[in-house]
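For reference, the structure is listed below as structure tokens.
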There are 2 protein chains.
Amino acid sequence: MSRDQPMRRRMTTIQDIAAELGLSAMTVSRALNGHPDVKDETRARVEERARELNYRPNRFARGLVSRQSKLIGVVIPEISHTFFSEITGGIQEAIEPDGYTLILCNSAGSPERERREVDMLVGGRVDGLIAASTFPQDDPELYAGLAEEGVPFVLIDRYFPALESARVHGDDDATIRLCVEHLANLGHRDIGFIRGPDVSTSSLRLAGFRESLRALGLRENPDWIVPGGFTVDAGREAGLQLLQRPSRPTAICAVNDPCALGLAQSARRLGLKVPQDLSITGVGKIEPDYLPEQYLTTTEWSRAEIGATAGRTLLAMIGGGSPADLPDVMLSPKLVIGRSTGPPPSR
Amino acid sequence: MSRDQPMRRRMTTIQDIAAELGLSAMTVSRALNGHPDVKDETRARVEERARELNYRPNRFARGLVSRQSKLIGVVIPEISHTFFSEITGGIQEAIEPDGYTLILCNSAGSPERERREVDMLVGGRVDGLIAASTFPQDDPELYAGLAEEGVPFVLIDRYFPALESARVHGDDDATIRLCVEHLANLGHRDIGFIRGPDVSTSSLRLAGFRESLRALGLRENPDWIVPGGFTVDAGREAGLQLLQRPSRPTAICAVNDPCALGLAQSARRLGLKVPQDLSITGVGKIEPDYLPEQYLTTTEWSRAEIGATAGRTLLAMIGGGSPADLPDVMLSPKLVIGRSTGPPPSR
DNA sequence: CTGAAAGCGCTTACAG
DNA sequence: CTGAAAGCGCTTACAG
């Protein structure tokens with residue numbers, strides 16, 4: 001009798017092995033899990049039969065009773081950006097040796113989607129969570145809720161100022177200072193800024209920008225600080241707007257690399273040469289190392305290290321870290337000089 | 001009394017809600033799952049209480065009885081290559097609307113690791129698998145085993161000629177033909193090839209290369225077909241070897257983009273200008289679209305579409321597709337012209 | 001060294 | 001429309 005159910009052969013269970021060998025399920029379980037109190041001969045028989053029957057422990061049954069899944073949830077805004085995919089690689093390296101597996105979710109920059117994914121992950125009983133949140137920095141509610149539920153999590157790249165939590169992120173203040181100093185050294189005095197969305201990385205970079213200008217004795221022109229975003233599209237829009245003003249800066253710092261690349265597109269469209277007419281800097285070095293030339297002048301810090309640190313931190317928390325000392329790890333950036341910056345045009 | 005166990009608060013269960021409301025677990029389950037036979041008022045009460053208690057269904061319990069996890073396993077050789085991360089994005093788009101979640105594994109090009117990951121995924125009771133396998137093309141054993149166990153899977157990018165399976169991949173024959181014809185049109189007659197590892201994509205591209213030469217009436221020089229690999233390092237090695245021979249070609253087709261970029265590095269190190277002294281082509285367009293200029297002449301086909309097609313195909317198989325008609329989807333490539341190709345040097 | 005009992009949190013039949 | 005029973009495949013105490 002055929003059913004229209006998906007036909008998936010029933011998999012071997014511990015009971016099957018036990019029955020075949022005339023043992024109890026308990027003994028088979030012990031033998032398979034390396035429990036010491038099992039006769040060597042018994043263990044050998046069990047292991048052999050398990051291999052023959054292609055036995056694989058059922059994670060659901062195991063998870064149901066052990067209350068741990070050995071699963072780590074990761075939520076990032078964009079998987080196809082090397083920035084985040086390399087972080088993901090670092091996480092994986094860190095958690096794999098301990099038998100953990102990664103479940104990856106892509107929020108695509110949408111808080112709604114991020115909330116659904118986090119709910120799904122926690123409902124799926126991941127043992128912990130690593131997230132680069134897309135929620136505005138003054139809206140930590142989702143993660144505050146997790147903290148309350150006792151779900152271990154680590155925030156990467158961005159964080160919520162008002163929420164105590166484990167964090168691993170780049171030094172946003174230092175990163176933008178490197179850019180401004182580089183431009184000042186080239187002779188620029190009129191520097192603009194394209195802002196990002198309302199997450200910590202954005203606002204810290206803007207604050208760093210202002211502070212750097214002040215420290216260098218450069219004037220801050222409010223007209224040259226324009227709203228933008230984290231994407232190429234946002235950078236393009238912001239660029240069109242800023243570059244068509246009556247007066248424009250000779251250099252612009254963008255809040256991140258995609259934004260800077262969008263800005264560069266707009267500059268070209270408006271007939272401006274980069275860097276002859278306009279210098280541009282980004283943040284995050286999204287361009288892959290294997291390319292022969294770096295286009296954008298930008299900053300970078302180790303993404304693999306962000307991932308690895310976040311992974312190790314989370315495992316420590318899962319292992320029973322006290323919530324008293326939530327780690328806050330900040331990585332130092334370095335400047336990467338590309339073709340997008342040069343001396344300002346002579347008047 | 002404190003335990004040194006990881007302290008994770010017990011989560012709300014269906015029983016909790018039932019007890020609070022004086023209902024049976026059964027009714028709560030039905031109310032929450034949109035079963036029709038529940039009084040509206042009851043359903044409302046259940047839903048409200050569930051929300052208040054932050055109830056999340058336990059996937060383990062559900063999976064244990066329903067025998068499906070709503071999890072899809074994906075195994076790729078390298079997450080930080082845009083090629084694979086974009087495929088992953090496409091998969092996600094395809095499976096998410098049906099409530100499936102993606103578990104991502106990175107084999108890092110190691111068959112050992114791939115085997116461990118597949119075992120883990122199947123043991124974790126994923127409902128299906130999508131893989132770009134790193135196993136040699138004449139070693140389909142791992143996937144043959146899955147087929148026997150009745151685990152639905154789709155192979156992407158590469159496949160095993162001897163194994164009947166669902167496949168979604170680029171047209172490797174056409175892709176290399178585009179490269180050779182492009183070079184021939186530029187005037188090249190001496191064209192070399194850097195091979196890849198022993199997977200279908202590699203061998204099909206080599207076969208396509210030979211056929212294209214023949215079709216265009218160009219001579220095949222065995223000295224100019226050298227072993228290489230899929231990585232920048234492999235391309236660099238192969239380049240050093242090939243370019244230092246007494247006679248060398250005026251153009252080289254590499255088996256993929258990373259290999260071509262490694263080759264370009266070697267060419268520069270040996271003092272050869274690209275494309276003036278040597279033209280180079282890749283396959284797969286690994287360079288991101290947002291960059292202002294395309295360096296490598298290469299071919300591409302939609303990765304999002306590979307992912308989406310693989311995802312949809314897998315869902316169909318999970319939904320009970322008959323193993324009689326395993327789909328084999330082939331995507332057509334198009335040529336992307338960059339700065340790495342030009343006319344051959346005049347003697 | 002081995003096993004019988006109970007239970008993890010759900011859902012699938014089966015009754016009412 | 002609602003519920004009592006049984007069971008998914010394991011593991012955690014508890015006995016022997």
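Throughout, a chain's letter reflects where its sequence line sits, starting with A, and its residues are numbered from 1.
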Quiz item: Atom CG of N33(B) to atom P of dA13(C): distance rounded to whole Å?
Solution: 15 Å

Practice problem: Would you please confirm or rule out a distance under 4.0 Å between OP1 or OP2 of dC8(D) and any side-chain N or O of S66(B)? | Solution: no

Quiz item: So, is S29(A) near the phosphate of dT11(D), with a side-chain N or O under 4.0 Å from OP1 or OP2?
Solution: yes

Quiz item: In whole angstrom, what separates K70(A)'s NZ from dT11(D)'s P?
Solution: 13 Å

Exercise. Please state how far atom CD in Q15(B) lies from atom C1' in dG9(C), giving the value in whole angstrom units.
Key: 7 Å

Quiz item: OP1 or OP2 of dG9(D) sitting under 4.0 Å from any side-chain N/O of R67(B)?
Solution: yes

Exercise. Have a look at L121(A) and tell me which of V151(A), V74(A), L146(A), I103(A) forms a side-chain contact (heavy atoms from CB on, under 4.5 Å) with it.
Key: I103(A)

Exercise. Look at the side chain of M26(A) and decide which nucleotide, out of dC10(C), dG9(D), dT12(D), has an atom nearest to it.
Key: dT12(D)

Exercise. Grab the CZ-C1' distance between R56(A) and dC10(D) for me, whole Å please.
Key: 17 Å

Quiz item: Of all the nucleotides listed (dA13(D), dC8(D), dT2(C)), which has the minimum atom distance to the side chain of D37(A)?
Solution: dT2(C)

Self-check item: Complementary nucleotide of dT2(C), counting Watson-Crick and G-U pairs under 3.5 Å
Solution: dA15(D)

Quiz item: Between D40(B) and L64(B), who's closer to the 5' end of DNA chain D by nearest nucleotide?
Solution: D40(B)

Quiz item: Given atom CD of Q68(B) and atom C1' of dC8(D), what is their separation to the nearest angstrom?
Solution: 14 Å

Exercise. Take atom CD1 of I14(A) and atom P of dC8(D), then tell me their distance rounded to the nearest Å.
Key: 14 Å

Quiz item: Rounding to a whole Å, what distance do you find between D16(A):CG and dC8(D):P?
Solution: 11 Å

Practice problem: Would you indicate which nucleotide in dC10(D), dC1(D), dC8(D) comes nearest to any side-chain atom of V65(B)? | Solution: dC8(D)

Quiz prompt | Under-4.0 Å salt bridge between D119(B) and R56(A) | solution = yes

Quiz item: Do you see a donor-acceptor pair shorter than 3.5 Å between the side chains of E117(B) and S107(B)?
Solution: no

Self-check item: Pair R49(A) + E52(A): basic N to acidic O under 4.0 Å
Solution: yes

Quiz item: Is there a side-chain polar atom (N or O) of R125(B) under 4.0 Å from OP1 or OP2 of dG9(D)?
Solution: no

Practice problem: For T13(A), answer base if it contacts any base atom (sugar-phosphate contacts may also be present), sugar-phosphate if it contacts only those atoms, and nothing otherwise; contact means non-hydrogen atoms under 4.0 Å. | Solution: sugar-phosphate

Practice problem: Check whether more than 12 heavy atoms from other residues, nucleotides or ligands sit under 6.0 Å from atom CD of E141(A), and answer yes or no. | Solution: no

Exercise. Quick one: sort the F60(B) and F60(A) rings into parallel, tilted or perpendicular, breaks at 30° and 60°.
Key: tilted

Exercise. State whether the distance check finds a donor on one side and an acceptor on the other, under 3.5 Å, for side chain R30(B) versus base dG3(D).
Key: yes

Quiz item: Given dC10(C), dT2(D), dC1(C), which nucleotide is nearest the side-chain atoms of K39(A)?
Solution: dC1(C)

Quiz item: Counting side-chain heavy atoms from CB outward, which of dG9(D), dC1(D), dT2(C) is closest to V38(A)?
Solution: dT2(C)

Quiz item: CG of L32(A) versus P of dT2(C): gap in Å, rounded?
Solution: 14 Å

Exercise. Ignoring backbone atoms, test whether N58(A) places a side-chain nitrogen or oxygen under 4.0 Å from the OP1 or OP2 oxygen of dC8(D).
Key: no

Exercise. Check whether any side-chain N or O of T27(B) sits under 4.0 Å from OP1 or OP2 of dT2(D), and answer yes or no.
Key: no

